[in-house]
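Let me begin by presenting the structure, written as structure tokens, before commenting on it.
What you see is a predicted model; the values in this text were computed from it and never measured. We count ligands from 1, going down the list as the structure has it; atoms in each ligand are counted the same way.
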Amino acid sequence: MKIETKLLHAGIEPDSSTGAIMTPIYQTSTFVHQSNTGDNTYSYSRTSNPTRSALEKNLAAIENAKFGITFGSGMAAIDAVLRLLNPEDEVIVTQDLYGGTYRLFTSVYAKYGIKFVFVDMLDVENIRRVITSKTKMIWVETPTNPMMSIFDIRKIANVRLSQILLAVDNTFASPYLQNPIDLGADLVMHSVTKYLAGHSDVVMGALMTNHTKLAQELYRIQNSTGAIPGPQDCFLALRGIKTLHVRMDRHCQNAQKIAEFLSKHEKVKEVFYPGLPSHKNHHVAQSQMRGFGGMISFSLKEDSIEGAQRVLKRTKLFSLAESLGGVESLIGHPATMTHGSIPRETRIKSGISDSLIRVSVGIEQVEDLIEDLEKSIN
Ligand SMILES: Cc1ncc(COP(=O)(O)O)c(C=O)c1O
């Protein structure tokens, strides 16, 4: 099956008791056992639940993986990955990445003796240089939040040694535009909250892998720590995923036009969008993605927090809010919002200037969106 068909059908069967085409919300904590022999499919909803199982099968299929494991948020999914590690293990991490991931790494897990080495992955030699016998994982985000950096997953997969796990946060691309496992990754992570669910009404995370032992360990962590999504949220995610391809096509078309408009604007200093030929790794994006996504960042010639805030206050269609990937357009200021937890010096070093503005381009009429930005930037 092609991805467009898998999004609607993979892992989803009509309900066996009623024929309902939509997977029912099994809003139950426990299941009555048919016998006490221990062979009941479902027993307790922390361990597994039929609505969640359908979603996990669907998520696995759309990332070309065998296993899908869901969590109560994207952060809970990343947290589960880190629980695979031991004190003194080392992780090589993309230098510019989502602020919440940076916070989890540096303020929670560093405390338990795990070492995080941040490198610029534009040059894979920077990764090779810091690999030691203690390196257990490489954590890649591509495209990155908020700089839209693109890293070459194939090249990174080739540079790492076989015992090092390659994990990719694929949130910004979505499985419709990029499949890291096909490019050599071991593990894919998604904030389902974003493009997958797509309607700004769910917070959820997911992991996908083809490795049986790794999946078993992650299911064990999921059940042991209990950071699971509820059945109602699983239903909403399943419903959202059915239209991922249609939404994503429009997100990409609109974003390309807006990025081109911004790059010609006299008050805009720089535009970061993988679909622009001026993007540093445009050719890598072309080779590993099927589209360039709906996220754009741009900086202003007046490079100050006040300059950015003036724009943010004026937009009418772009709502000032955290998050991304929903059908409505959003606008945000990484320095004071999503990346506020990163010290200024580190933030500037990874390109997040004071005036940097990030937009999540929705699926509205693109001319209305351009007019809104035009009025707000002028
Ligand atoms: C790239 C990326 N990864 C992970 C997360 C965390 O996901 P969640 O907010 O669902 O916990 C986010 C949230 O913005 C994100 O943008």
Could you walk me through whether F67 and H211 pass the ring pair (Phe, Tyr, Trp, His ring centres under 6.0 Å) test, one step at a time?
-> CA-CA 8 Å; F67 307 98; H211 300 302; 9.4 Å; no

For ligand 1, run through the N/O pairs with the protein that fall under 3.5 Å and put one pair on each line.
from: ligand 1; atom 1: 3 (N); to: D169; atom 2: OD2; distance (Å): 2.7
from: ligand 1; atom 1: 7 (O); to: S191; atom 2: OG; distance (Å): 3.1
from: ligand 1; atom 1: 10 (O); to: G74; atom 2: N; distance (Å): 2.9
from: ligand 1; atom 1: 10 (O); to: S191; atom 2: OG; distance (Å): 2.8
from: ligand 1; atom 1: 10 (O); to: T193; atom 2: OG1; distance (Å): 2.6
from: ligand 1; atom 1: 11 (O); to: G74; atom 2: N; distance (Å): 3.0
from: ligand 1; atom 1: 11 (O); to: M75; atom 2: N; distance (Å): 2.9
from: ligand 1; atom 1: 14 (O); to: K194; atom 2: NZ; distance (Å): 2.7
from: ligand 1; atom 1: 16 (O); to: N145; atom 2: ND2; distance (Å): 3.0

Is the F116 ring parallel, tilted or perpendicular to the F118 ring (thresholds 30°, 60°)?
-> tilted

Give a yes or no on whether R314 atom CZ has more than 12 heavy-atom contacts from other residues, nucleotides or ligands under 6.0 Å away.
-> yes

Only pairs at least two apart or in different chains count here, so list each side-chain hydrogen bond (donor to acceptor under 3.5 Å, both in side chains) that has a residue in residues 112-129.
-> E125-R128, N126-R129

With distance as the sole test, does E141 use its side chain to make a donor-acceptor pair with the main-chain N or O of Y98 at under 3.5 Å?
-> yes

Between T225 and D79, is a side chain to side chain contact (heavy atoms under 4.5 Å, CB included) present by the stated rule, with each step listed?
-> CA-CA 10 Å; T225 61; D79 179 78; 5.6 Å; no

